[in-house]
Trainee: 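Pasting in a structure now, in structure tokens, and then I'll have a few things to ask.
Letters A, B, ... mirror the listed sequences (proteins, then strands); counts begin at 1.
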Amino acid sequence: MLDKAFDPKSAEPRLYEAWEKSGAFKASGKGDPFTIVIPPPNVTGSLHMGHALNNTLQDVLCRFERMRGRSVLWQPGTDHAGIATQMVVERRMAERQEPRRTEIGREKFLEKVWAWKAESGGAIIAQLKRLGATCDWSRERFTMDEGLSAAVKKVFVALFREGLIYRDKRLVNWDPKLLTAISDLEVENTEVAGHFWHFKYPLEHGETYEFPIAHDENGEPTEWETRDYISIATTRPETMLGDGAVAVHPSDRRYAPIVGKKCLLPLADRYIPIITDEYPDPDFGSGAVKITGAHDFNDYKVAMRNDIKLYVLMDERARMLDADYIPEKYRGLDRFEARKQVVADIEERGLLIKVEDKKIMQPFGDRSNVVIEPMLTDQWYVDAEKMAIKAINAVLDGKTKITPDAWSKTYFQWMRNIEPWCVSRQLWWGHQIPAWYGPDGHVFVAETEEEATKEAILRYTQEGYSLEDINNMRRHEEGEAPLLVRDEDVLDTWFSSALWPFSTLGWPDETPELAKHYPTSVLVTAHDIIFFWVARMMMMGCHFMPDVPFRDVYIHALVLDEKGQKMSKSKGNVIDPLTLIDKYGADALRFTLAAMAAQGRNIRLSEARVEGYRNFGTKLWNAARFCEMNGCVFDAAFDPASARETLNRWIIHEAGKTVEEATAALQSFRFNDAAGAIYRFAWNVLCDWHIELAKPILMGEDCPAKEETRKTTALVLSEVFKLLHPFMPFITEELWRESASRETALIVAPWPEAKSLPRAESAAAEINWVIGLINAIRSARAEMNVPAGAKIEMVAVAAGPAPSLRLDLHRELIARLARLSSIRLADAAPKGAVQIVHEGGIYAMPLAGVIDIAAEKARLAKEIEKCVKEIEAVDKKMSNPSFVERAPVEIVEENRERRIAFAARQEKLAAALNQIAEA
RNA sequence: GGGCGCGUAGCUCAGCGGUAGAGCACUACGUUCACACCGUAGGGGUCGCAGGUUCGAACCCUGCCGCGCCCACCA
């Protein structure tokens, strides 16, 4: 006996445990493999709404495919999240007033991180389970576990040997708070209020030139002033101390007289050349640009092109260096203090022309939120441009399909303009780069130190060193030291994530899982990590594997808050999915997310919607209770094709249509369409009509029709459980178990097949006629203010043989649902009756004395008005010759029929109006 | 500066070439033996604006207005 309502709190953990124990999450069976690798959440993380959506959709697909008999592997795991995790642990150490990481050293620190991971790293996994995620937890991986580390090493070494990974000294995005380089993607450019300072750089030897200050309409100069300086503008005055030149555009005639000469770099008291380069825009600012090659990406390029000296100004914390080219007073100052000082000093010397307020784009570290400083350092790079080629082609050729297709454009755009990927990070938590340096600075890349050492010995031997020399190399003044010193840096977290689709399956070993499940079927993710992750998996997968990492990429929405803002911890606008699960159950949250996951659109989550879908679950629960109370028990031996009753054939027909619709939608990732179709069928068709229409039979005398109806109803309800299971796994599984004795759990039950639910168009037409009539009667009753409880008589006027038969067949149903006391046939409508027109028939309800003549007149007039409007619309179309000529025949025919139907209806209504007017 | 997306019922959103839809909210009625987390009936939209294409446009095209996102080196 079913309880009064479903209790998610007690049922969910119980059901989940049963599924897991049963081995349902394992990729067994002989079906076609269906594989999804989970976007590994950060070990530091907890489940947010984005995860909830992402994993709901993956779980919907996995459950759907599992029921369709495929051998489903949903590969789970977590990401070590280098920067984030290191930050979390360091913060915790600080809170506990423990020694800093630099004080305890690398090894001790890493022990602490591992300890932390062991202690609280599993939180998000538990939360995924609460959502109902059917990952194969026995295969859980971590990006820093042994197997994945082996994959990382192998990939790094291979790419290095192929020349696709290299070490280079160039400008990188430096995070002065986290003290590491970061990639372009980890920089967030934000517009901030800044200033634009205009400085004079005096010319050498007090030289002067004529600078045009007014022009005629042709742009010819008309007025000049004599200048002994060149005017430059900057948003970062402190960097002037590192200027190596001033550049102007070669076509800029204003500066032609002084090109090639030198100007004084104030404060630094150096002379720097005035050069030409294509970079300066003559129409912007003064047209002259100070070139600070070591602290600006553009300037760096100019400096490289023109062989301009670079002056590194700052240390790793962005404090001014103690360097001989920096005046003493600035040394040791923070860059922002230095800025103030520089401006003050320039002004004091009378070299400040003006200061403008200006909005500027400033780069911030996405983790640290401090201003990123371009710094000249040695880092490791992946030659992304070369690796992108195969990845681009794979999508072009359709080997990987991105859905919605609009995102492939974004993918291409980024891939085609890709920059070298800086993969080294000056952190401790992560995959330490497998590179070792010899005494002469030569780098040896190998999977192990032994191999690197072997290589080193080989190289030095070939260079003519004897074994003894090599041994001597190991000796420092202090004594024994290793020949090679390992690179301290670790790899970008995304480097290991990029290998996820094959590293989790066992690569580089040739495991059975790899053979069976690669390429994976679909990657489900949000668009904000297309660059970070999808693109890089494509590059790595296409390079190291014989095929693409996934056949489909499904890009889903971002979940936003009610104001349409991205949820973020810093904004404090996060809606916790677990709170919603506690309140409404996991099923309600899942269904809401799926129902709102329309392609190409973001989701603004509203709690009312979750509540609404929780109610849907309850509705289904109650339908099942009804079935239970009325002996509708699932019978595996019952064949829906054997159903004879019209009502049963109709509901089977409708169920078949729904199966088709939901299946097609799920196959093409239209989650919202699938959810909507199932919802409408379950509530608006099965509950609202079938169950209501079935009541008289179910509650009547025992007979074959009753037995068939019981079995049909139970069967259709079972089909709903199946269809709904991917979306609402808990409540459907519970009902599945409670409503019949079954051989298998719902989670592994076969997905419904449309072909086993035969269509019955004539039955559908008949039942729809009944439904329509009931609707019409109800509507008229309400409008005539007939009390809901009152039973009234109905007279079918001059009904033809077909409607008469239908009326006769469904007399009891119609009477019950429309609250009629009797139904009889007559040749004319009785006086003082409300008359309705349904599919050409007139149905009158005599309301002797009760009827409000004026109200009935108004009602009929309103109905007639509707017909007139429809007819007018059709006439307008039909009277247009080109419509009849050019529109498809079936459209024209449809309109013709429409006209006939409405005209007939209007005629009947008019007759009714006429009659009532006489009365 | 490029690129993408969005403006449809009070709110959150489907629909994207042939009769305007859902959930929530709202109004009226309802103790019908599954369900008030319910039922029945109903109100509510010139589908951002202006042009164009088409027999026909919420849907395609162009422009404009408003909003959002991504990328980018204007010092």
Trainee: Have a look at Cys687(A) and say if it touches a base, only the backbone sugar-phosphate, or nothing, with a 4.0 Å heavy-atom cut-off.
Mentor: base

Trainee: Go ahead and write out RNA chain B as dot-bracket, 5' to 3': ( ) for pairs within the strand, [ ] for ones crossing earlier pairs, | when the partner sits on another strand, dots for unpaired; Watson-Crick or G-U wobble, both distances under 3.5 Å.
Mentor: ((((((((.[[[[.)..(..]]]].(((((.......))))).....[[[[[..)....]]]]])))))))....

Trainee: So for Arg614(A) and rC37(B), does any side-chain atom that can act as donor or acceptor lie under 3.5 Å from a complementary atom in the base?
Mentor: yes

Trainee: 5'-most contact on RNA chain B: Phe626(A) or Asn775(A), nearest heavy atom basis?
Mentor: Phe626(A)

Trainee: Check if the side chain of Lys619(A) and the base of rC35(B) share a donor-acceptor pair of N or O atoms closer than 3.5 Å.
Mentor: yes

Trainee: Checking only heavy atoms, does the side chain of Glu692(A) share a donor-acceptor pair with the base of rA34(B) at less than 3.5 Å?
Mentor: yes

Trainee: Give a yes or no on whether a salt bridge exists between Glu893(A) and Arg896(A), defined as a side-chain N under 4.0 angstrom from a carboxylate O.
Mentor: yes

Trainee: Does NZ or CZ of Arg416(A) fall inside the cone over Phe412(A)'s six-membered ring, less than 6.0 Å from its centre and within 45° of the axis?
Mentor: yes

Trainee: For rG56(B), does either OP1 or OP2 sit under 4.0 Å from a side-chain N or O belonging to Lys877(A)?
Mentor: no

Trainee: For the ring pair Tyr411(A) and Trp407(A), is the centre-to-centre distance below 6.0 Å?
Mentor: no

Trainee: Which donor-acceptor pairs under 3.5 Å do the side chains of residues 352-363 of chain A make with protein atoms, sequence neighbours left out?
Mentor:
from      : atom 1 : to        : atom 2 : distance (Å)
Glu356(A) : OE2    : His198(A) : NE2    : 2.5
Asp357(A) : OD1    : His195(A) : ND1    : 3.0

Trainee: Would you say the ring centroid of Tyr613(A) lies under 6.0 angstrom from that of Tyr679(A)?
Mentor: yes

Trainee: Any salt bridge between Glu607(A) and Lys583(A), counting N to O under 4.0 Å?
Mentor: yes

Trainee: Please tell me which of Ser882(A) and Ala623(A) maps to the more 5' nucleotide of RNA chain B, matching each residue to the nucleotide holding its nearest heavy atom.
Mentor: Ala623(A)

